[in-house]
Amino acid sequence: MRIWKDTIKQEARKKASTKLKEKLFILHDTFRKHLMVHRDYCIKMEELRFVDINSNLETQTIKEFSKIQAKTRGETKKKIEAQSSKCRENVKACINKVIQDLKLRIDAETKLDEERKRVVPIQNTTTLALKDKPSHNVFDELGFPPGMTYGHCSSLREECSRFIRFAYLIDFMSLEALSGIYLGSVEGITNRLGYLDEHCKLDEIMQMDLNDANNPPTGPSRGHDPLFLVKLELQADHPIPENKIVQVEVDDFKLPPHGTSKPTDFDLLSHLELEPEADDEVEEEESDAAADPVLVKKYKQT
């Protein structure tokens, strides 16, 4: 019983070892070398960004920002294409190296078999007949020596299956690098906007003249400047359409302890009324006859 258990465990270890040799490319010298080169290319490619907000911290208009980012995207695209070409050449060199090593091994084994047959002749009419026929198969086109056995063909099929798995791994690493570029670009712009929103010094920024190139702003540091310059032009000669005007109810402005209003709730156009000028005599008569004031609900147009 103990011998049977040891045999089962040994067979399981052999199967696991065979699978690791087939699928764990880091154990293969040639695959490991080119896999590390491809990984290095992916790391360098992942550092690229489609949005550049660090090279120019000056406040820009939306049009200027869009123009700069279009140029950045074009440069990044060219760099990605260059890295992609390097990755293809690296994978191609890896496959050629593996096939070349396999050719040398099969050629050495074929010559060894021929030498053995020459020393110890074996009558095999089938083999001689096949050799006399012209061969135009895929093995000859790949440069493999004639007279390949079934074992040699099986080794080639095994390497081709490994090439497919290697290509899947390379493609996965490349897609991960591309996704890193997109995620890094989005994260960079969101982090920049969040930093400006958190460290914005609005009082100093409102005193800055961003249009004056001769007198640069002396307020916040360059890292705290607004990212975009937005111009607002009011056109009083164009009336607001009626369907765009909305009546909004205005709450009474009462500060504590008489109410719960805050100083920021005060609206100059809604909470302040100017009374018309009146004569003193008329004012005295109205004050004598005035009753309790009538509160009228106010509305403002937005």
Side-chain angles (χ1 to χ4, degrees), residues 24-26 30-95 163-233:
L24 194 60
F25 297 102
I26 204 71
T30 303
F31 284 109
R32 178 176 65 249
K33 175 183 175 181
H34 292 274
L35 188 64
M36 293 297 101
V37 172
H38 183 77
R39 180 56 180 166
D40 182 61
Y41 289 155
C42 289
I43 291 175
K44 293 180 180 178
M45 185 168 58
E46 197 170 353
E47 295 175 355
L48 301 175
R49 293 293 180 266
F50 287 113
V51 181
D52 182 15
I53 58 174
N54 296 321
S55 61
N56 188 3
L57 294 177
E58 296 182 358
T59 304
Q60 314 165 43
T61 62
I62 299 295
K63 187 176 181 180
E64 293 172 346
F65 181 80
S66 177
K67 184 177 180 181
I68 293 175
Q69 301 314 315
K71 181 180 178 181
T72 302
R73 288 194 300 271
E75 295 176 352
T76 303
K77 179 182 177 182
K78 293 180 180 179
K79 292 179 181 179
I80 292 176
E81 292 175 350
Q83 291 294 102
S84 178
S85 299
K86 291 181 180 180
C87 292
R88 290 191 180 95
E89 292 297 327
N90 177 60
V91 174
K92 184 178 179 180
C94 177
I95 294 176
F163 291 156
I164 295 176
R165 292 194 295 270
F166 185 70
Y168 276 125
L169 178 60
I170 292 296
D171 185 61
F172 176 79
M173 295 171 64
S174 302
L175 290 177
E176 185 181 13
L178 291 175
S179 64
I181 297 176
Y182 284 102
L183 294 177
S185 301
V186 175
E187 184 180 3
I189 189 66
T190 53
N191 290 343
R192 179 63 181 163
L193 293 176
Y195 176 82
L196 292 176
D197 181 62
E198 183 178 356
H199 298 85
C200 178
K201 299 179 181 179
L202 188 59
D203 296 337
E204 298 182 13
I205 291 176
M206 296 302 294
Q207 302 298 327
M208 296 166 54
D209 188 2
L210 300 175
N211 293 321
D212 191 355
N214 297 324
N215 297 321
T218 58
S221 62
R222 300 306 303 168
H224 294 169
D225 284 0
L227 188 60
F228 301 119
L229 174 61
V230 180
K231 295 182 179 180
L232 179 62
E233 295 181 359

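All values below were derived from every heavy atom in this structure, side-chain atoms included, with hydrogens, water molecules and symmetry-related copies excluded.
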- Message: F50 and side-chain contact (heavy atoms from CB on, under 4.5 Å): which single residue from I189, V186, I80 fits?
- Response: I80
- Item | Value rounded to 0.5 Å, distance of CZ in R39 from SG in C87 | 11.5 Å
- Message: Tell me the closest heavy-atom pair linking I26 and M36, and the distance in Å.
- Response: CD1-CE, 3.8 Å
- Message: Return the NE2 to CG distance between H38 and L35, rounded to the nearest 0.5 Å.
- Response: 7.5 Å
- Query: Do the side chain of E46 and the main chain of L178 share a donor and acceptor less than 3.5 angstrom apart?
  - Reply: no
- Item | Shortest non-hydrogen separation from T30 to C94 and the atoms involved | CG2-O, 4.0 Å
- Could you tell me whether the side chain of T72 and the main chain of I68 form a donor-acceptor pair under 3.5 Å? yes
- So, do L196 and R192 sit near enough that their side-chain heavy atoms are less than 4.5 Å apart? yes
- Message: Quick check: do H34 and F25 have side-chain heavy atoms less than 4.5 Å from each other?
- Response: no
- Message: Does atom CZ (R88) have a neighbourhood of more than 12 heavy atoms from anything else shown, all under 6.0 Å?
- Response: no
- Item | Any donor-acceptor N/O pair, S66 side chain to K63 backbone, under 3.5 Å | no
- Distance col, row Q60:CD vs Q69:CD, nearest 0.5 angstrom, shows 7.5 Å
- Heavy-atom pair with the smallest gap, counting every atom of A177 and C42: CB-O, 3.7 Å
- Message: To the closest 0.5 Å, what do you measure between CG (L183) and CZ (R49)?
- Response: 9.0 Å
- dist K79:NZ -> E47:CD (nearest 0.5 Å) comes out at 10.5 Å
- Task: Would you please test K71 and E75 for side chain to side chain contact (heavy atoms under 4.5 Å, CB included) and show each step?
- Result: CA-CA 6 Å; K71 181 180 178 181; E75 295 176 352; 3.4 Å; yes
- Would you give the length of the straight line joining atom CZ of F31 to atom CD1 of I95, rounded to the nearest 0.5 angstrom? 7.5 Å
- Note on the structure: Closest non-hydrogen contact found for Q83 with Y41 is NE2-O, 3.3 Å
